[in-house]
Visitor: 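Mind having a look at this structure? Questions to follow.
In what follows, every heavy atom counts, from backbone to side chain, and hydrogens, waters and symmetry copies are set aside.
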Amino acid sequence: MKVLNSRTGEIEDFSPLHGNKVYMYVCGPTTYDYSHIGHARTYIAYDVIARYLRYKGYNVFFLMNITDVDDKIIDRARREGVDPLELARKFEKYFFEDLNALGINSINYFARASEYIPEIIDLIRCLMGRGYAYETETGIFFSVEKFPHYGELSKRKPEELTVHRVTPDSTKRNPADFAIWKKRESSDEIGWDSPWGYGRPGWHIEDAAIIMSHFGAQLDLHGGAIELIFPHHEAEVALAEAATGVRPFSKYWVHTGLLTVSGVKMSKSLGNFITIREALSRVDAEALRLYFLMSHYRSPIDFDWSKLNQAKSSLEYLYGVLEQVANTLTTNQVTEDEKTLLERIINLKSQFIAAMDDDFNTPEAVARLFDIAGEVNKFLNIQNALSGQAKNQILSTFRELGKILGILQKELEKAEEIPLRDLIQLIIDIRSELRMNKQYGLADKIREKLKKLGIIIEDTAAGTRWKSVSSQQSG
RNA sequence: GCCCGGGUGGCCGAGCGGCUAGGCGGCGGGCUGCAGACCCGCUCCACAGGGGUUCAAAUCCCCUCCCGGGCUCCA
């Protein structure tokens, strides 16, 4: 299995530090507002990565932080006149609801920054002890020049970091130094007591402290969106490696591409965002997942509703094939053609796996899924029957591969319930007799009535087929 | 200004030295009592432009243009 490692810029063989155990961490949200589909894109990408690693037999521990102490939370809480942590909890709850709705279920543990204050303080103490951090009247800062590898991850030279969007704190020795503890007036706002007085942690240190307290000095895979590579991930590396002296902090760094709208980054601060809720009110979660997975995780996606609808049509096609397989007559005979079909499917399945092994190439993997569907369709177009064994193998292949991507997991609903299936078959048989006797009026009436019940009748050269619309509907 | 990514057919989107990507849409045909679904074919040298390297370039090198991201708020 190969992964493009942002740290080295190379495609590398994936081999975890400790046997088949994978310690994986992804930067989670700052819970001050609803999550948007840009976040969804990133979290879906890592959900699929974690699912796939597990599929390959790795024992993955997937850790994610929740930033619940932050300027934006404090600002919004102040405006709304509520407690900052209460506000953070409220949006955290919505975040979990969104993850659930998106089918993101691979994360083992969520770590709130506010619950790691002692660990953060310990880390700061350690960094000061080793001479990497210094105190001023406004806070504790990490000294970038003391860490010779600063800039390696994001491929930046410290001397080039001279443009600043925000005026640097004047007490810093070097404008590139970053705050790891912000001193605050105790009466003023949320904070904790520390050896350097009342205050709260800086942005980057929470991730380093959380990771180190769960995984130790090193982890296998660290992920996040590309926008975080500098300064956030660069700072995390500096903090952790300075504190432990162990390099590299993360063996693999993985970065996802951003989601844009009309070519502009979707972000809360720009106000051009579509919440996960809004997207899911219009289209099924699996369609959204498929839309994102039809691009590589590193490629930028320029969001457009019409493109999302394309993915929705694609998903419906796949479900249509599943329905056809489930509703095809079952025979005892295994024909030669059927054996050929099953061989092709096995071959395509291994191509799917090969694509996933190649830096999680989901577009390629999805293409192979469509190839399987095409093969099955071609077969059913000629023969309207399958052996029970073939049916099971086809359906389980779709389910198994779909599960890696988090799609094709919906029940085929009534189609799989045998008594109803037999009943529908009976009606179809009667209708076929009517058609043979050219009693089309009555035959059409049956078709119309069944359609109203959500059952679609299709007359083909190989016989009459049916499917239920309910299982294809997107919610 | 500096540092990263990108620019692929009607739309989306893989590929990253030679070998069919795939999807969506459109058109034509097959199958049909009709409808839909499905199948087959087509959608003109698809690779931003210009130079090079090579037997061979979308893929490697150089230059130019355009777009996005980062430069201490961000998934």
Visitor: So A/His232, base contact, sugar-phosphate only, or nothing? Heavy-atom distance under 4.0 Å.
Guide: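 Nothing, no heavy atom under 4.0 Å.
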Visitor: Applying a 4.0 Å non-hydrogen cut-off, can you work out what A/Lys155 is touching in the nucleic acid: base, sugar-phosphate, or nothing?
Guide: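 Contact class for A/Lys155: sugar-phosphate only.
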Visitor: With sugar-phosphate meaning primed atoms plus P, OP1 and OP2, does A/Leu259 contact a base, only sugar-phosphate, or nothing at under 4.0 Å between heavy atoms?
Guide: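 Base contact.
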Visitor: Which nucleotide sits closest to the side chain of A/Phe370: B/rG70, B/rG23, B/rA75?
Guide: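 Looking only at side-chain atoms, A/Phe370 lies closest to B/rG23.
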Visitor: With side chain to side chain donor-acceptor pair (under 3.5 Å) as the test, would you mind laying out the steps for A/Asp169 and A/Thr138 before giving the verdict?
Guide: CA-CA 8 Å; A/Asp169 182 302; A/Thr138 62; 3.0 Å; yes
Visitor: Classify the side-chain pair A/Asn309/A/Tyr291 by whether it contains a donor and acceptor separated by less than 3.5 Å.
Guide: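 Checked: A/Asn309/A/Tyr291 side chains show no N/O donor-acceptor pair below 3.5 Å.
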Visitor: Between B/rG69, B/rC71, B/rC11, spot the one nearest the side chain of A/Lys265, thanks.
Guide: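 So the nucleotide nearest the side chain must be B/rG69.
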Visitor: Taking the side chain of A/Val264 as its heavy atoms from C-beta onward, which of B/rC38, B/rG69, B/rG36 lies nearest to it?
Guide: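 For the A/Val264 side chain, the nearest candidate turns out to be B/rG69.
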Visitor: With centres under 5.5 Å and planes under 30° as the test, does A/Tyr440 stack with B/rG33?
Guide: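 Taking the rule of under 5.5 Å and under 30°, the ring of A/Tyr440 does stack on B/rG33.
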Visitor: Closest approach to the side chain of A/Ala367, judged atom by atom: which nucleotide of B/rA21, B/rA75, B/rU72 is it?
Guide: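 Among B/rA21, B/rA75, B/rU72, the one nearest the side chain of A/Ala367 is B/rA21.
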Visitor: For a quick check of understanding: with a heavy-atom distance under 4.0 Å over all strands, which category does A/Leu369 fall into, base, sugar-phosphate or nothing?
Guide: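 No contact.
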Visitor: Can the ring centroids of A/Phe91 and A/Tyr94 be said to lie less than 6.0 angstrom from one another?
Guide: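 So the answer is yes for these two rings.
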Visitor: Classify the nucleic acid contact of A/Leu258 as base, sugar-phosphate or nothing, counting any heavy atom under 4.0 Å across all strands shown.
Guide: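 Base: the residue A/Leu258, judged by heavy atoms under 4.0 Å, touches a nucleobase.
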Visitor: Please state how far atom CG in A/Leu99 lies from atom C1' in B/rA75, giving the value in whole angstrom units.
Guide: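 Interatomic distance, CG of A/Leu99 to C1' of B/rA75: 12 Å.
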Visitor: Which is true for A/Arg368 with a 4.0 Å heavy-atom rule: it touches a base, it touches only sugar-phosphate, or it touches nothing?
Guide: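 It contacts sugar-phosphate atoms only.
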Visitor: May I ask you to check if A/Arg277 and A/Tyr34 form a cation-pi contact, with NZ or CZ under 6.0 angstrom from the six-membered ring centre and within 45° of the axis?
Guide: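 Ring-cation test returns no.
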Visitor: Is it the case that atom NZ in A/Lys155 sees more than 12 heavy atoms from other parts of the structure closer than 6.0 Å?
Guide: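 Buried by this count: over 12 neighbours within 6.0 Å.
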Visitor: Would you say the base of B/rG69 and the side-chain of A/Glu227 have a donor-acceptor pair closer than 3.5 Å?
Guide: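 There is none.
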Visitor: Expressed as a whole number of Å, how far does the C1' atom of B/rG18 sit from that of B/rA56?
Guide: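 After rounding to an integer number of Å, I get 6 Å for this pair.
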Visitor: With respect to the phosphate group of B/rC71, does any side-chain polar atom (N or O) of A/Tyr150 fall under 4.0 Å of OP1 or OP2?
Guide: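 For A/Tyr150, the contact criterion (side-chain N or O under 4.0 Å from OP1 or OP2 of B/rC71) is not met.
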Visitor: A/Met356 pairs by side-chain contact (heavy atoms from CB on, under 4.5 Å) with which of A/Leu53, A/Asn361, A/Ile404, A/Ile49?
Guide: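 It is A/Ile404, the one option of A/Leu53, A/Asn361, A/Ile404, A/Ile49 that forms the side-chain contact (heavy atoms from CB on, under 4.5 Å) with A/Met356.
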Visitor: Under 4.0 angstrom, heavy atoms only, what part of the nucleic acid is A/Phe178 near: base, sugar-phosphate, or nothing?
Guide: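 Contact class for A/Phe178: base.
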Visitor: Return the nearest nucleotide to the side chain of A/Glu364; candidates are B/rA21, B/rC24, B/rG33.
Guide: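 Out of B/rA21, B/rC24, B/rG33, the nucleotide with an atom closest to A/Glu364's side chain is B/rA21.
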Visitor: For A/Gln425 and A/Asp429, test the side chains for any donor-to-acceptor distance below 3.5 angstrom and give the result as yes or no.
Guide: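 Looking only at side-chain atoms, A/Asp429 and A/Gln425 do form a donor-acceptor pair, the distance falling under 3.5 Å.
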Visitor: So what does A/Ser299 hit on the nucleic acid, given a heavy-atom distance under 4.0 Å: a base, only sugar-phosphate, or nothing?
Guide: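 Since only primed, P, OP1 and OP2 atoms lie under 4.0 Å of A/Ser299, the category is sugar-phosphate.
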Visitor: Is it the case that the base of B/rC34 and the side chain of A/Asp459 share a donor-acceptor contact (distance under 3.5 Å, atom types as modelled)?
Guide: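 Indeed, a donor on one side and an acceptor on the other fall under 3.5 Å apart.
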Visitor: On a whole-Å scale, what distance lies between the C1' atoms belonging to B/rG41 and B/rA14?
Guide: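 Nearest-Å result for B/rG41 against B/rA14 at atom C1': 24 Å.
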Visitor: Side chain of A/Asp371: nearest nucleotide among B/rG69, B/rA37, B/rG22?
Guide: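 The answer is B/rG22.
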Visitor: Nearest to the side chain of A/Arg447, which nucleotide is it out of B/rA35, B/rG22, B/rA37?
Guide: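 Between B/rA35, B/rG22, B/rA37, the one nearest the side chain of A/Arg447 would be B/rA35.
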Visitor: Which one, B/rG70, B/rA75, B/rU72, comes nearest to the side chain of A/Arg156?
Guide: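 Taking heavy atoms from C-beta onward, the closest nucleotide is B/rG70.
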Visitor: Please report the distance, rounded to the nearest Å, between CG in A/Asp70 and C1' in B/rC73.
Guide: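 So the CG-C1' distance, A/Asp70 to B/rC73, works out to 8 Å.
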Visitor: Please give the distance between the P atoms of B/rG70 and B/rC11 as a whole number of Å.
Guide: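 Each nucleotide's P atom is 27 Å from the other's.
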Visitor: Roughly how far apart, to the nearest Å, are B/rC71 and B/rG10 at atom C1'?
Guide: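 Going atom to atom, C1' in each nucleotide, I get 39 Å.
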Visitor: Round to a whole Å and report the spacing from CE of A/Met294 to C1' of B/rC11.
Guide: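 About 12 Å, once rounded to whole Å.
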Visitor: Base, sugar-phosphate or nothing for A/Thr30? Non-hydrogen atoms, less than 4.0 Å.
Guide: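 Sugar-phosphate, no base atom in range.
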Visitor: Tell me what A/Asn361 touches on the nucleic acid: a base, only sugar-phosphate, or nothing, going by heavy atoms under 4.0 Å.
Guide: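 The residue A/Asn361 makes sugar-phosphate contact but no base contact.
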Visitor: Please report the distance separating the P of B/rC60 from the corresponding atom of B/rC67, rounded so that it comes out in whole Å.
Guide: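 About 23 Å, rounded to a whole number of Å.
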Visitor: Looking at A/Lys265 and A/Glu227, is there a salt bridge between them, counting it only when a charged N and a carboxylate O are closer than 4.0 Å?
Guide: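 The answer is yes: the pair qualifies as a salt bridge.
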Visitor: For A/Gly28, which contact category applies under a 4.0 Å heavy-atom criterion: base, sugar-phosphate, or nothing?
Guide: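 Since only primed, P, OP1 and OP2 atoms lie under 4.0 Å of A/Gly28, the category is sugar-phosphate.
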Visitor: Choosing from B/rC39, B/rG70, B/rA14, which nucleotide comes nearest the side chain of A/Tyr317?
Guide: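 Taking heavy atoms from C-beta onward, the closest nucleotide is B/rC39.
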Visitor: Mind checking A/Lys72 for me? I need base, sugar-phosphate or nothing, with any heavy atom below 4.0 Å counting as a touch.
Guide: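 The answer is base, as A/Lys72 lies within the cut-off (heavy atoms under 4.0 Å) of a base atom.
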Visitor: Would the base of B/rG33 count as contacting A/Arg435 through its side chain, where contact means a donor and an acceptor less than 3.5 Å apart?
Guide: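 In this structure, the two groups form a donor-acceptor pair.
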Visitor: For the side chain of A/Asp444 and the base of B/rG33, is some donor closer than 3.5 Å to an acceptor across the two?
Guide: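 It does, because a donor-acceptor pair links the side chain of A/Asp444 to the base of B/rG33 below 3.5 Å.
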Visitor: Could you work out the separation of B/rA58 and B/rG17 based on their C1' atoms and round it to a whole Å?
Guide: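 Between the two C1' atoms, the distance is 10 Å.
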Visitor: Where does RNA chain B pair, written as one dot-bracket string 5' to 3', with Watson-Crick or G-U pairs under 3.5 Å, ( ) inside the strand, [ ] for crossing pairs and | for another strand?
Guide: ((((((((.[[[..)..(...]]]((((((.......))))))....[[[[[..)....]]]]])))))))....
Visitor: Provide, to the nearest angstrom, the distance between the CG atom belonging to A/Leu318 and the P atom belonging to B/rC38.
Guide: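 Rounded to the whole Å, the gap is 11 Å.
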Visitor: Classify the side-chain pair A/Asp337/A/Thr335 by whether it contains a donor and acceptor separated by less than 3.5 Å.
Guide: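 No pair is found: no donor N or O on one side chain lies under 3.5 Å from an acceptor on the other.
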Visitor: Strictly below 4.0 Å: does A/Lys157 bring a side-chain N or O up to OP1 or OP2 of B/rC2?
Guide: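 No, no such contact exists.
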Visitor: Kindly say whether the aromatic ring centers of A/Tyr116 and A/His214 come within a distance under 6.0 Å.
Guide: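 Between A/His214 and A/Tyr116, which both carry aromatic rings, the centre distance is below 6.0 Å.
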Visitor: Round to the nearest Å and state the distance from A/Ile456 atom CD1 to B/rA35 atom P.
Guide: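 Those two atoms, CD1 and P, are 16 Å apart.
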Visitor: Using the ring centroid of each side chain, check whether A/His149 and A/Phe147 are separated by less than 6.0 Å.
Guide: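 Yes: the rings meet the under 6.0 Å criterion.
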Visitor: In whole Å, what separates the P atom of B/rG33 from that of B/rG26?
Guide: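 To the nearest whole Å, 25 Å.
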Visitor: In whole Å, what separates the C1' atom of B/rC62 from that of B/rC24?
Guide: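 Each nucleotide's C1' atom is 38 Å from the other's.
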Visitor: Please give, in whole Å, the distance from B/rU32 P to A/Met436 CE?
Guide: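 Atom CE in A/Met436 sits about 15 Å away from atom P in B/rU32.
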Visitor: Assign A/Tyr291 to base, sugar-phosphate, or nothing according to its heavy-atom contacts below 4.0 angstrom with the strands shown.
Guide: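 Counting heavy atoms under 4.0 Å across all strands, no contact is made by A/Tyr291.
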Visitor: Between P on B/rG5 and CG on A/Asp302, what's the gap in Å once rounded to a whole number?
Guide: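 My rounded result for the distance is 21 Å.
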